[in-house]
Amino acid sequence: MNIFKVFENDIRKLLDELAAEGHIPAGLDTARLTVEPPREAAHGDLSTNAAMILAKPAGKPPRALAELLVAKLKTRPDVASAEIAGPGFVNLRLSADVWRDRIRDVLTAGTAYGESTLGAGRPVNVEYVSANPTGPLHAAHGRGAVFGDALAALLEKAGYAVTREYYINDAGAQVDVLGRSTFLRYREALGEAVGEIPAGLYPGEYLKEVGQALAERDGSKWVGADEADWLPACRDFAIARIMEWIEEDLGVLGVRMDVYSSERALVKAGAVDIALKALEDRGLIYVGVLEPPKGKKPDDWEPRPQTLFKSTGFGDDVDRPLKKSDGSFTYFSNDIAYHFDKHRRGFDAQIDVWGADHGGYVKRMQAATTAITEGKASLDVKLCQLVHLMKNGEPVKMSKRAGTFVTLRDVIEEVGKDVVRFIMLTRRNDQTLEFDFAKVVEQSKDNPVFYVQYAHARCRSVLRHAATAMAGADLSAAALAAKANLARLDTEEEMALAKRMATWPRLVESAAEAHEPHRVAFYLYDLASDFHALWNKGRDDASLRFLIDGDEEVTVARLALVSAVATVIASGLAVMGVEPVEEMRS
RNA sequence: GGCCCCAUAGCUCAGUUGGAUAGAGCAAUCGCCUUCUAAGCGAUAGGUCGCAGGUUCGAAUCCUGCUGGGGUCGCCA
């Protein structure tokens with residue numbers, strides 16, 4: 001239950017009542033109405049701008065309107081106080097029981113707490129990773145993988161029907177290069193001395209393994225064969241093998257895709273022709289000559305007629321080529337077909353997660369998606385900025401060119417999947433992220449992974465102690481929910497925790513709508529911080545500890561609180577794909 | 001040159017889709033602490049939200065124009 005939404009709906013009803021009573025005109029636009037926690041806790045628990053946004057259309061001063069609302073709100077038993085502040089805010093303080101009851105909600109719902117019906121089961125397609133099948137995933141891919149996966153989980157929690165999808169770019173020139181590189185390694189595996197890997201081929205060591213495997217499967221079958229024969233064989237073999245690795249790596253990271261879409265299969269099935277025909281029918285394709293890029297004219301520039309898509313009609317800056325000069329389709333054409341295909345599979349809400357270097361591609365893809373689906377589908381593109389790998393403040397050198405780069409697997413093996421996942425979400429997607437191998441495993445307050453996990457571990461530790469101290473007592477969440485007298489929770493810190501947990505459903509909804517999973521990480525840090533604060537109070541004042549000898553009632557109430565905190569942390573970590581820990585010892 | 005992203009405390013970053021006196025961690029200063037789990041706790045100080053306009057009850061947030069940094073720019077994917 002999202003308490004803020006409950007009040008928002010109730011306030012809308014009150015406004016209807018005011019209209020029925022003739023205080024304000026009926027049918028005022030309340031789209032801008034908000035009910036949210038004020039930044040300043042001193043202002044109360046909830047705050048609404050209703051009086052301010054309606055003042056002008058209602059023809060009444062905001063404070064007068066606020067008076068009317070306050071009078072109505074004050075009659076509610078769950079409202080402890082309602083007052084007007086500033087330019088016309090209505091601030092509410094809720095009775096403590098409203099917050100305490102949320103603890104019971106948590107205990108009853110378990111880690112399902114925070115789930116919402118916001119998405120109403122609408123399908124959403126989240127496409128992420130989609131790394132070229134030409135080599136193992138490297139560290140930077142990890143960010144897109146984690147981001148996309150957490151976003152998918154978040155949307156699921158918010159009630160959407162999510163499909164996780166990986167687009168395999170197995171149709172371009174790069175996979176022919178892969179095929180040639182593999183052929184060389186294959187001959188090498190058969191004993192041929194191949195020497196230096198020629199420029200233009202992939203030098204990576206990992207292809208030795210692919211060549212070896214191919215030699216084992218096919219023997220010397222391809223030596224001396226026509227390129228027309230060995231190239232597709234080597235290419236397809238390598239793609240299949242590398243995709244296995246990629247799936248394995250993703251598995252280690254805890255990422256499981258629902259759908260792998262092959263570009264080659266799509267092209268083969270004629271999807272590109274269908275898509276371009278659709279655009280053609282709408283008069284969005286023409287043959288024309290593009291202007292050279294302003295201010296940065298390539299040396300070999302020459303005007304030439306190309307088949308172009310009229311993307312300028314949909315917010316793009318220039319029209320974009322659909323065919324290369326040899327008549328074959330550009331990657332863009334295939335991509336249009338792919339996004340059209342998603343639409344035809346029922347996805348009108350599409351999200352793509354890309355690396356920041358593809359920023360220049362966003363407008364045309366959105367333009368094309370809008371154009372080809374006649375505005376029915378919307379595409380949101382989330383760009384993930386670079387990850388800077390560091391070790392004790394020193395940058396870790398990466399060179400894809402030389403074939404030496406830090407693979408995602410290396411990173412996971414060094415610090416663990418949970419640390420990778422958590423850290424990748426501690427920055428907004430459009431900020432560059434520094435990943436320091438030393439810092440991310442540090443056991444201190446400035447490491448958010450540790451801090452959040454520590455809070456969970458402390459909760460579990462308290463419950464373990466309680467189980468020993470109160471042998472025989474049923475301390476399950478259900479039992480605590482049933483028997484705890486939550487009225488015994490009344491300290492400032494306890495109420496702060498209860499309120500923080502009450503905002504989790506709201507956070508899920510707003511983060512899901514904004515497509516910003518990093519907010520979950522920050523929320524958990526805040527929740528952990530509230531919990532640690534309460535814990536620390538118990539150091540100075542024994543009466544504030546959780547287990548109080550001789551007062552079972554307060555102990556049970558506090559155990560309910562602690563159990564709820566652990567549950568909400570676990571619920572948040574589940575969205576991030578991180579396993580909560582029972583204790584910090586390792 | 002066009003387009004996209006970024007610019008918030010000394011540093012690293014949040015900022016609830018336009019709300020009230022802009023927050024957290026680190027570093028700094030000052031106290032405390034040896035534990036229901038050790039990897040500490042509390043307090044203080046720190047700001048022209050890059051600059052200048054605009055929109056309105058109200059702007060870090062939206063619009064315009066600048067400045068600085070990054071990315072990208074017709075037959076790469």
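All figures in this text were calculated on a predicted structure; none of them were measured in a lab. Each chain gets a letter, A, B and so on, in the order its sequence line appears, and its residues count up from 1.
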Output yes when at least one side-chain N/O atom of [X] is less than 4.0 Å from OP1 or OP2 of [N], else no.
| X | N | result |
| --- | --- | --- |
| K324(A) | rA77(B) | yes |
| H358(A) | rC3(B) | no |
| Q431(A) | rA7(B) | yes |
| R428(A) | rG15(B) | yes |
| K56(A) | rC57(B) | yes |
| H465(A) | rU37(B) | yes |
| R39(A) | rA20(B) | yes |
| S461(A) | rU37(B) | yes |

Sugar-phosphate, base or nothing in reach of [X], heavy atoms under 4.0 Å:
| X | result |
| --- | --- |
| P448(A) | nothing |
| T432(A) | sugar-phosphate |
| R304(A) | base |
| A85(A) | base |
| R364(A) | nothing |
| E509(A) | nothing |
| A457(A) | base |
| Y451(A) | nothing |
| N132(A) | sugar-phosphate |
| F522(A) | sugar-phosphate |

**Prompt:** Between the side chains of Y167(A) and D352(A), is a donor N or O closer than 3.5 angstrom to an acceptor N or O?
**Reply:**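 Side-chain D/A pair, Y167(A) to D352(A): absent.
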**Contacts of type ring pair (Phe, Tyr, Trp, His ring centres under 6.0 Å), residue H465(A), not counting sequence neighbours** =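 Testing H465(A) for ring pair (Phe, Tyr, Trp, His ring centres under 6.0 Å), a comparison that skips the adjacent residues, returns none.
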Qualifying residues under side chain to side chain contact (heavy atoms under 4.5 Å, CB included), relative to [X], sequence neighbours excluded:
| X | answer |
| --- | --- |
| V289(A) | P303(A), P305(A) |
| N132(A) | T134(A), N169(A), Q174(A) |
| N429(A) | F147(A), K382(A), C384(A) |

Any donor-acceptor pair under 3.5 Å joining the side chain of [X] to the base of [N]?
| X | N | result |
| --- | --- | --- |
| R458(A) | rG40(B) | no |
| Y454(A) | rA39(B) | yes |
| S47(A) | rA20(B) | yes |

**Asked** Stem ranges for RNA chain B, with three or more consecutive Watson-Crick or G-U pairs under 3.5 Å?
**Response**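 The stems are B:1-7 with B:67-73, B:10-13 with B:23-26, B:28-32 with B:40-44, B:50-54 with B:62-66.
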**Prompt:** Roughly, in whole Å, what's the span from CG in N447(A) to P in rA38(B)?
**Reply:**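 Checked: the CG to P distance equals 18 Å.
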**Request:** In whole angstrom, give me the gap between the P atoms of rG1(B) and rC76(B).
**Result:**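 Looking at atom P only, rG1(B) and rC76(B) are 28 Å apart.
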**Message:** Would you measure the distance from the C1' atom in rC13(B) across to the matching atom in rC30(B) and give it in whole Å?
**Reply:**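 Result for the C1' pair: 26 Å, nearest Å.
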**Prompt:** Closest to the E36(A) side chain: rG40(B), rG25(B), rG19(B)?
**Reply:**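 When the side chain of E36(A) is considered, rG19(B) is the closest of rG40(B), rG25(B), rG19(B).
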**Item:** Test: K310(A) and D319(A) ion pair at under 4.0 Å
**Value:**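 Salt bridge: no.
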**Asked** Are F89(A) and rA20(B) stacked, counting the six-membered base ring, centres under 5.5 Å, planes under 30°?
**Response**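 One would call F89(A) stacked on the rA20(B) base.
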**Request:** Under the side chain to side chain donor-acceptor pair (under 3.5 Å) rule, collect the residues that match up with R545(A), sequence neighbours excluded.
**Result:**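 With sequence neighbours excluded, R545(A) shows a side chain to side chain donor-acceptor pair (under 3.5 Å) to no residue whatsoever.
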